[in-house]
Amino acid sequence: LIRAQAPSSVHVLLDRNAAEVVSRQLEYSLQAVNLPFDVQAWTPSEAKKSLAQAEKVAGRMLRKGADRSSLVLGVGGGITTDLAGFVAANLMRGCAWGAIPTTLLGMADAAIGGKTAVNLAEGKNLFGAFHQPSLVLADVSTLRSLAPRDWSCGLGEIVKAGMICKPALLKHLENCPKASLRRAGDDMLKAVRMSMRMKLGIVSADPREGGERKLLNLGHTFGHALETLAGPRKLAHGEAVALGILCALYAAVELDLASPDYARRIEKLLTRCGLPTRFPGKLPSVAMLAKQIARDKKKAGSQIDWIVPIRAGKCRIVPGTEAKALATWAHARLSAH
Ligand SMILES: NC(=O)c1ccc[n+]([C@@H]2O[C@H](COP(=O)([O-])OP(=O)(O)OC[C@H]3O[C@@H](n4cnc5c(N)ncnc54)[C@H](O)[C@@H]3O)[C@@H](O)[C@H]2O)c1
Ligand SMILES: [Zn+2]
């Protein structure tokens, strides 16, 4: 795959926490393609997904001979592939890049679609560019060292994928042995393959999120707000998305757009995936939730476009709902359980 790109050199940004499971294969493959290459390892964190870090990473790539025809490879979790993609989007005004995701969330979501970004003090992912990777390589066996919470977070996004357009994916997660949901085996390979296909299908039809790509935000309007209010230690992204999905389901049932049975089914599945169904700690007030939801970067004025789950494999974009209404539903759902 790397050889097919015919790059002048290869510059790898490697997630240190994935090094144990990928290093040997990576070095072997890089040596086999017989091109100049450099591997820089780093320890990712949201704080270091920054412009300062991008500058460091790019600086080293240039010192190691990167030019316009070089290939940048991001190997690791979503933080690493987002940063590598961002560097590639800007290095020499843009060079080719590839993603080798090693977390479940990275495989199912972050590595696909060409959204690259770093964080600013003002918020997450606010500085970036669309820059499609020319290769994405996911090897499920690299998940074997993943922490339990990272398994769950990835599963949250996979459930989301099933709810958007893959009913068979929901069935697969419900029917496979529970242990498979924490194992780098064939069941996970099937789940990853289905979610990658669903995301690829949506982003290739709408690469710049003009319409249908918005469906991928299912659970995220509520989820982002809950994530910020709880703090990342209490609620990781995929966990917040799971709660967001439950809030969206509650609202959909209230609006008579989804059945209570469907809401119960998804709640059961999220629990099976090890995801929370309650807010950790004290639930913020409706006013606090509304304020946070209104900060959503996908908003137009105070009206918010959000995604309503209808039935397995079917969601709808509903434009222009007031943040207050969304907050009221979220509050009702999270205080009722
Ligand atoms: N670009 C997009 O479309 C998109 C979509 C979703 C999320 N994201 C971004 O992705 C990031 C979250 O991704 P994530 O959940 O992968 O987080 P992450 O990159 O922080 O990875 C989670 C943890 O797992 C470690 N890790 C990586 N591979 C491992 C392995 N094989 N074994 C053990 N540990 C391993 C990482 O070092 C990290 O500590 C966020 O910054 C988010 O904004 C981007
Ligand atoms: Zn997400």
Side-chain angles (χ1 to χ4, degrees), residues 13-23 25-26 41-50 53 74-86 88-89 97 99-120 123-133 136 138-161 164 182 184 188 195-196 199-200 202-203 207-209 213 215-224 226-227 232 235-245 275 297-298 307:
L13 179 64
L14 171 66
D15 184 330
R16 224 172 244 129
N17 297 321
E20 200 191 310
V21 288
V22 294
S23 279
Q25 180 69 36
L26 185 70
W42 80 310
T43 305
S45 67
E46 288 292 345
K48 282 202 293 173
K49 186 178 156 184
S50 65
Q53 189 68 27
V75 183
I79 295 187
T80 304
T81 50
D82 272 16
L83 180 64
F86 177 80
W97 79 289
I100 303 185
T102 62
T103 62
L104 189 55
L105 192 134
M107 293 181 187
D109 194 356
I112 297 179
K115 278 190 183 176
T116 76
V118 293
N119 301 326
L120 297 180
K124 269 185 72 177
N125 295 330
L126 290 182
F127 204 75
F130 284 100
H131 187 50
Q132 294 295 342
V136 177
D139 176 353
V140 170
S141 76
T142 61
L143 299 174
R144 62 186 184 272
S145 51
L146 213 57
R149 215 173 167 187
D150 289 315
W151 278 108
S152 300
C153 284
L155 288 169
E157 300 282 359
I158 294 181
V159 170
K160 180 195 82 176
I164 293 172
R182 289 276 186 286
M188 201 43 63
S195 10
M196 287 180 110
K199 184 157 183 190
L200 203 59
I202 288 189
V203 300
R208 291 192 164 244
E209 203 169 305
R213 186 167 180 169
L215 290 174
L216 297 173
N217 291 321
L218 171 64
H220 282 64
T221 304
F222 297 106
H224 282 147
L226 297 168
E227 189 176 355
L235 216 49
H237 177 73
E239 296 169 343
V241 169
L243 288 184
I245 287 173
L275 287 155
K297 67 173 181 287
K298 275 117 201 159
I307 313 305

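Below, each value reflects all heavy atoms present in this structure, side chains not excepted, and no hydrogens, waters or symmetry copies. Both counts, for ligands and for their atoms, begin at 1 and track the order of listing. Numbers here simply count residues along the sequence, with the first being 1.
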*Given the rule in the side-chain contact (heavy atoms from CB on, under 4.5 Å) test, do Ile202 and Ile164 qualify, once you have shown the distances and angles that lead to the verdict?*
CA-CA 10 Å; Ile202 288 189; Ile164 293 172; 3.8 Å; yes

*Within the distance-only criterion (no hydrogens, no angle test), does the side chain of Thr80 pair as donor or acceptor with the backbone N or O of Val75 below 3.5 angstrom?*
no

*Could you see which bit of Pro44 sits under 4.0 Å from ligand 1, with heavy atoms only: side chain, backbone, both or neither?*
side chain

*For ligand 1, which atoms have a heavy atom of Asp15 less than 4.0 angstrom away?*
26 (N), 27 (C), 36 (C), 37 (O)

*Using 2.8 Å as a strict upper limit, say whether an N, O or S atom of Glu157 approaches the Zn ion (ligand 2) that closely.*
yes

_Atoms in ligand 1 with a heavy atom of Ile79 nearer than 4.0 Å_ = 10 (O), 11 (C), 13 (O), 18 (P), 19 (O), 20 (O), 41 (O)

*Proximal atoms of ligand 1 relative to Lys199 (non-hydrogen, under 4.0 Å)*: 3 (O)

*Should you measure from each heavy atom of Ser145, which atoms of ligand 1 turn up under 4.0 Å away?*
30 (C), 31 (N), 32 (N), 33 (C)

*asked:* Tell me the nearest of Arg16, His237, Lys49 to atom 42 (C) of ligand 1, using heavy-atom distances.
replied: Lys49

_Polar proximity ligand 1 side, Asp109 side, N/O cut 3.5 Å exclusive_ = no

*In the protein, what heavy atom is nearest to atom 21 (O) of ligand 1, and what distance, to one decimal place, separates them?*
Thr103 CG2, 3.7 Å

*Candidate pair Lys115 and His131, rule side-chain contact (heavy atoms from CB on, under 4.5 Å), full reasoning*: CA-CA 6 Å; Lys115 278 190 183 176; His131 187 50; over 6 Å; no

*Applying side-chain contact (heavy atoms from CB on, under 4.5 Å), run through Ile112 and Ser195 and close with a yes or a no.*
CA-CA 10 Å; Ile112 297 179; Ser195 10; over 6 Å; no

*Answer yes or no: is there a donor N or O on one side and an acceptor on the other, between the side chain of Glu239 and the main chain of Ala236, under 3.5 Å?*
yes

_Considering Thr102, Leu83, Leu105 one by one, which has a heavy atom nearer to atom 29 (C) of ligand 1 than any of the others?_
Thr102

*Shortest protein heavy-atom distance from atom 17 (O) of ligand 1, along with the residue and atom involved*: Gly78 N, 4.0 Å

*May I ask you to list the atoms of ligand 1 that are less than 4.0 angstrom from any heavy atom of Val21?*
31 (N)

*asked:* What I'd like to find out is whether the side chain of Gln53 reaches to under 4.5 Å of the side chain of Val118, using heavy atoms alone.
replied: no

*Report yes if Lys115 has an N/O atom closer than 3.5 Å to an N/O atom of ligand 1; otherwise report no.*
yes

*Give the contacting part of Thr116 toward ligand 1: side chain, backbone, both or neither, where contact means a heavy-atom distance below 4.0 Å.*
neither

*Do you know which two heavy atoms are closest between Arg213 and Glu209, and how far apart they sit?*
CB-CA, 3.7 Å

*Could you check atom 38 (C) of ligand 1 against the protein and tell me its nearest heavy-atom contact, residue, atom and distance included?*
Asn17 ND2, 4.1 Å

*What atom name does the N, O or S atom of His220 nearest to the Zn ion (ligand 2) carry?*
NE2

*Side chains of Thr43 and Lys48: closer than 4.5 Å at any heavy-atom pair?*
yes

_Proximity of Glu46 to ligand 1 by residue part, where a heavy atom lies under 4.0 Å_ = side chain

*Does at least one non-hydrogen atom of Cys153 fall below 4.0 angstrom from an atom of ligand 1?*
no

*Check for a donor-acceptor pair, side chain of Asn119 on one end and backbone N or O of Asn125 on the other, with a separation under 3.5 Å.*
yes

*For the side chain of Lys199 and the backbone of Asp109, is there at least one donor-acceptor N/O pair under 3.5 Å apart?*
yes

*State whether the side chain of Asp15 and the backbone N or O of Pro44 hold a donor-acceptor pair below 3.5 Å, judged by distance alone.*
no

*Gln132 side chain to Gly113 main-chain N or O, any donor-acceptor pair under 3.5 Å?*
yes

*With atoms numbered from 1 as shown, which atoms in ligand 1 lie under 4.0 angstrom from a non-hydrogen atom of Asn125?*
43 (O)

_Residue portion contacting ligand 1 (non-hydrogen atoms closer than 4.0 Å) for Asp150_ = side chain

_Nearest-contact summary for atom 31 (N) of ligand 1 - protein heavy atom, Å_ = Thr142 O, 2.8 Å

*Would you indicate which of Gly76, Gly74, Ala110, Gly238 comes nearest to atom 5 (C) of ligand 1 when only heavy atoms are counted?*
Ala110

*After noting the C-alpha distance and the side-chain angles of Lys124 and Glu227, does the key distance pass the side-chain contact (heavy atoms from CB on, under 4.5 Å) rule?*
CA-CA 12 Å; Lys124 269 185 72 177; Glu227 189 176 355; 3.9 Å; yes

*Examine the proximity of ligand 1 to Asp82 and report which part, side chain or backbone, both or neither, has a heavy atom under 4.0 Å away.*
side chain

*Heavy-atom check, side chain of Met107 versus side chain of Leu143, under 4.5 Å*: yes

